[in-house]
Structure formats: structure tokens, C-alpha cells
Amino acid sequence: KVAVEVLDHLERLALVDFRDTEGIERLQNAIQFADQLHEVNTDGVEPMDSVLEDRCLYLREDDVTEGNCTKELLQNAREKVEEYFVAPPGNIPLPKLEERDTFLQGS
Amino acid sequence: QVSAALRAGRVSATELCQRCLSRIKSTGFLNAYISVAEQAALRQAEESEKRHSRGQPLGVLDGVPVAVKDNFNTAGIETTCASNMLKGYVSPYNATVVQKLLDQGAVLLGKTNLDEFAMGSGSTDGVFGPVRNPWSYSRQYKEKSTPNSHSEDKDSNWVITGGSSGGSAAAVSSLTCFAALGSDTGGSTRNPAAHCGVVGLKPTYGLISRHGLIPLVNSMDVPGILTRCVDDAAVVLGSLAGHDPRDSTTVQDNFKPFEVPDLADVSKFTIGIPKEYHAPGLSGETLALWAKAADLFKSAGAKVVEVSLPHTRYSIVCYHVLCTAEVASNMARFDGLEYGHRSDVEESTESMYAATRREGFNDVVRGRILSGNYFLLKQNYEKYFVKAQKVRRLIADDFVKVFGSGVDVLLTPTTLSDAAPYREFIRADNRTRSAQDDILTQAVNMAGLPAINVPTALSERGLPIGLQFIGRSFQERQLLTVAKWFEKQVQFPVIELEEVKQHDQGVFKHQKSAASS
């Protein structure tokens, strides 16, 4: 029911893969399940972001209270050089559907 | 009781710690713990012992062994969320709630098992394997097992703990610790509490800091408290609640820790029975127990009224959309660059991210991320996400109306039935299971209200069934007062574990409560 273009688009957005038919079915079921929402009449109802919406979000003084933990933070990264996290070359888009190693190729 | 014992010198903190650690080893087959911090715990216990010998304990929790669910950051201890994505990740900091416990002198025994990233209702989907319900090995359950099951491998009959804080519930239930932290997003603390026969408290959203709790759904997550009795829950709540400048979703109101009063007379209370909680699939036993509880209150003089929360049946659908949407966003931080698993693919940043996430997440997590992204697509945003937010308001308003009409506390079942055997549970997939099991606990998270599971009685199969009390926002004191009265009335039996050494059993049976009574 969901078009291959949309599935491909989702894989790119989420950067996770469907892996097999089960994955795609899972999505179809999820959408079907969510469609039940449309039974509810929500005319005139405002969307609710948080249960604490009646309270004001508060501010604090713009003072530095913590930091200086470069060493601890770098400890968990695998690739690093001096104080940089090292990433592979950027600005290269994910290969198109036909060229990618993805399950969707067959669909 | 154990706290008083520590202070009176009847038992030393290190001795207590060692007993708990050895008990963890002897109950290892439950798979409740992912990491046990033996050295650190013994050190903490020694420190506590020194303080006690000087007559200067830090508080009621000083020296008391506790466990923490593995999605809370703990400095120096591996935090995995039961996922390949974070295997080997050692946090550089303590979550605020963990820090608060440590500041009170509690002894952190280890991190408990859960569903991967707290997604699930059985504690069966983590990479370290499923957690077994300690009651599967109790005399009470074994007695009631049908004769033909003896011919099978006696190991295959075990039941699940419920989820996703199954490890924490199993840890408390098998008497390896006196309190444990879980998290509650859709019932993840109350569900396993009901299946494992322990008290599970979900505090009001905004009361306890979420700083350091690896987030699932920012607008619904709360740290949950699992203990053996209501008094203990109040003690732990007292040390954890309060404003945290590091979590801007905690309220700034002053929180006063309290001792749960002993209620002699319930007649001042109005108990609401929401009729929609008579959900399809509710077992006959649970229904009967629920009715019996209502009658108990009635005959004690309380006002018991039937109320209606009309949008209850949509809470699961609403949760499904909001949860997957927030998950899609929250899981985006796992890209392998700063922490966690990193794939060896080096062609481009995007392909590295994609490969890392492909390797690190299991089916459940990936499924939710993809569904979430679907609901957040421009063409679907209004139709699904905003619509779900509107339904959320309707659900929250239902509660407001009911509490506004004079009801103090709502009484509902916590789960549809007692714990299912693992073999049966895994036949359906995670989402279907969650949808079925969360129905009684989910709406509470939508509205951000406090709720507590109180173990009520054993089922025909010898497994625990719990009932849930839902209170008004920030009215934990009232909620726990009613819960404690109920707990006293039902006298839930202590678990009788056969596989564990006799002398251990003796010590822990008599020290049921952590706090002094």
C-alpha cells in the first residue's frame, strides 16, 4: 500500500533500513492501526504538546555552571584526532535506490 | 526495617551488600541484571558501614542495596539500554536520580535488564536476552502447574516479567535489592510490577528529573520506582523528587518528602471505577479481583462511584503515533560519531550513519523509527501527528473532568491477566503485544498523572495480579495513603523461592521493608 518511493524516502530520512518484507509489513500495520485516530472528532481541539503546558517555561541566569569535560566526552568516541570527532567525508548523498544495497531494490 | 537494622548495628552494610551480591549470583538464571558493579558496591557498602559506626548515616537509604534500570546513565558503569548500539558505552556522568540515590548512601548493585531502549511490554526484546519472572520458580507457581508440564523440560514453563522495566521488577521481587529504578512511558514500571508482585510507582510527570535517563518519549517518560511495599516507595520518592535545573521539564514547586500516613478510616475518600477499563481481553480473575477491591472500599465506608473516561480506547493508537514520532527524533542521536557502536563503513558520513544504525538497532527499534518518520512526513503531519496531539488533549481532559467531579483516586486493574508463559508471549510481535498490554496503563502517561501498582493477590496459576490506583497531579501523598491502606487489607503473600539457599531466604523474608516501620 505504501509506494516504493515513500519507503525509499523513509529509509533515507531515518537512515535505518527495512531489511525484509516483515519490516515493510510492520509499517503497513502501523499505518493501519494509526488510521483509527480518524474515528475521533477533534473539531475545535487544540493539539497538546506537554502536560505541563499551563506552567511557564522558566529561564535561568546565563552563567557557566559546567563544562571542561573534553577528555570524558572524547573517551567514548572511536575515531578521534586531537580534540575532534572524525567523520567520513560528508556532503556525499546516500546512493540512489538502484545502487544501494537495500532490500527495497527487489520491490 | 533494613534501614533501622543497619542503624542499630544488627547487620553491617558490607554484610548486607555481600548477601545481596551472592543472591544475585544464585538467581542469575533470571537474567535480571546486565551489569553487576561488585567492586564499586562493596566500596560503597564499606563507606556506609564507616558512617554507621560513627552514628552518622546520610539518611534512611544509607547502605541500602538498590538496582537501576540500564537506560539510566551511571558514571563508570556500562549503560547499554540492552542494545548493540550502546554495548560497551561507559557514561561519563550519573543521571540525576542515580546521583541522588548515591548521595543518600544507597549501594548501587548493578544495572538491570530491559527491552531494547525500553520499547516493549515483556522485557524479552533486549540483546542480553529475556528476563524471567522470579515467580516462575516459586513454590506457589510450581504447585499450580498442570501435571503434564512436569514431563517437559522444567525450564520451558517460565513466565515473563512484563516490561519494559522487567529486570528491575525481577530484582526487587527476587529479593536481590530493596528498591529499583525503572522508567515509565506507557506503563513500563507498573506492568512488570504487577506481573512480579511488587509495588510500582509512576510519579507525576515533572516531579522527578529525567536528566540522564536515555529518552524515549520526552513528553511522557518518567523515572519509575519499584519496591516491596508502599512505604518504601514513599521513601525513595522522597529522595528523588524535586526540581532539577538540569531538566527543564521538572516543576519548580517545592517538594516536601513525606511519610505515608496510616489511614484508619477510608470513608472520606471517593474511589472512581472507570468503566472503560473493563477492556476486551481482561481476564475473569482480574475482573473479579477488581470488583472485590471496589467492594472492600465500599464496605469500609468509602464512596465508590462508576465514572467514564470515554477516550480510553484511543489512548493506545494515540500513543502509537506520538511515541514513534518522538522515538524517530530521539534515536537520531545514535550515529556512531560521539559514542556507542560505529560501523566500519567509511565511504561517506551518511552511509556510515546508515550502516551503524542498521547494525546497532533491533527490529523493534528500527520499526518504530521508520513508522515515526512516516507520521512526521509533511503530507502526514496534520493527519497523524497533530491529530494524535489533539486526541491526547481529549484523553487528558477526561481525567480532569473525572477528578473535578469529586473523585480522589481511580481504581483499575494494571494488566489484563497474570504473566504469560514466554513461549506464548513471543508468538505475537512486539507492537501487537504492547498494544494489548499497555491499554490499562497508557492513558495515565498521556495525562502525566501519578499511578501506582499494588500487588493484590495470586491468580489460579499462582502468579501475582496487581491493581492500579491513579491519583491527581502531584498528589502522590494522597495516592500513596490510599494505596498503603489497600496493601494492608490484602496482605499479599511473600514469594517462596525454592532454588535459593535457605538461610538467605530467612534473612530477606523478615526484612521485607527497607524503611523502618
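Quick caveat, the model's predicted, so the values are computed rather than measured. Only heavy atoms go into these numbers, but all of them, side chains included; no hydrogens, no water, no symmetry mates. Order of the sequence lines fixes the chain letters, A, B, ..., with proteins taken first and strands second; residue numbering starts at 1 for each chain.
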Between A:R26 and B:L370, is there a side-chain heavy-atom distance shorter than 4.5 Å?
no
Looking at side-chain heavy atoms only, is the closest gap between B:R342 and A:E79 below 4.5 Å?
yes
Among [options], which has the most heavy-atom pairs under 4.5 Å with chain B?
options                    : answer
A:F85, A:Y58, A:F18        : A:Y58
A:E46, A:Q36, A:K80        : A:E46
A:L73, A:I31, A:D20, A:L13 : A:I31

Please look at [X] and chain A and tell me whether the side chain, the backbone, both or neither of the residue comes under 4.5 angstrom of a heavy atom of that chain.
X      : result
B:A388 : both
B:M446 : backbone
B:T250 : both
B:F399 : neither
B:V321 : side chain
B:H341 : neither

Is there a donor-acceptor contact under 3.5 Å from the side chain of [X] to the main chain of [Y]?
X      : Y      : value
B:R392 : A:S50  : no
A:N76  : B:V90  : yes
B:T349 : A:P88  : yes
B:H320 : A:A30  : yes
A:R78  : B:G336 : no

Rounded distance [0.5 Å steps], [atom1] in [X] versus [atom2] in [Y]:
X      : Y      : atom1 : atom2 : value
A:L37  : B:F385 : CG    : CZ    : 12.0 Å
B:H311 : A:T42  : NE2   : OG1   : 9.0 Å
A:L10  : B:L377 : CG    : CG    : 5.0 Å
B:S348 : A:L94  : OG    : CG    : 6.5 Å
B:L322 : A:M48  : CG    : CE    : 11.0 Å
B:R357 : A:D17  : CZ    : CG    : 10.5 Å

Just so I understand: if I count every heavy-atom pair under 4.5 Å between each of [options] and chain A, which residue has the most?
options                        : result
B:E350, B:E346, B:E338         : B:E338
B:A328, B:G360, B:A447, B:S248 : B:S248
B:V391, B:D397, B:V365, B:V345 : B:V391
B:Y353, B:F361, B:Y374         : B:Y374

For [X], is it the side chain, the backbone, both or neither that has a heavy atom under 4.5 Å from a heavy atom of chain B?
X     : answer
A:D35 : both
A:R60 : neither
A:L57 : side chain
A:V86 : backbone
A:E53 : side chain

Please assess B:Y93 against A:E72 for the test side chain to side chain donor-acceptor pair (under 3.5 Å), listing each intermediate value before the final yes or no.
CA-CA 9 Å; B:Y93 72 107; A:E72 287 99 340; over 6 Å; no
If you take the centroid of each ring, where Trp contributes its six-membered ring, are B:Y314 and A:H38 closer together than 6.0 Å?
no
For residues [X] and [Y], report the shortest heavy-atom separation together with the two atoms involved.
X      : Y      : value
A:V40  : B:K387 : O-NZ, 2.8 Å
A:V51  : B:G448 : CG1-N, 3.8 Å
A:P47  : B:V386 : CG-CG1, 3.9 Å
B:G206 : A:L52  : CA-CD1, 4.2 Å

With a 6.0 Å cut-off (strictly less than), is the heavy-atom count around [atom1] of [X], excluding the residue itself, greater than 12?
X     : atom1 : result
A:E39 : CD    : yes
A:E83 : CD    : no
A:H9  : NE2   : no

Is B:R358 paired with A:E11 through a side-chain N to carboxylate O contact shorter than 4.0 Å?
no
Inspect the contact between B:R393 and A:D49 and indicate whether a charged nitrogen and a carboxylate oxygen are less than 4.0 angstrom apart.
no
Have A:Q75 and B:Y339 got a donor and an acceptor in their side chains that come within less than 3.5 Å?
no
Listed by number, the residues in residues 63-71 of chain A that come under 4.5 Å of chain B (heavy atom to heavy atom) are A:E66
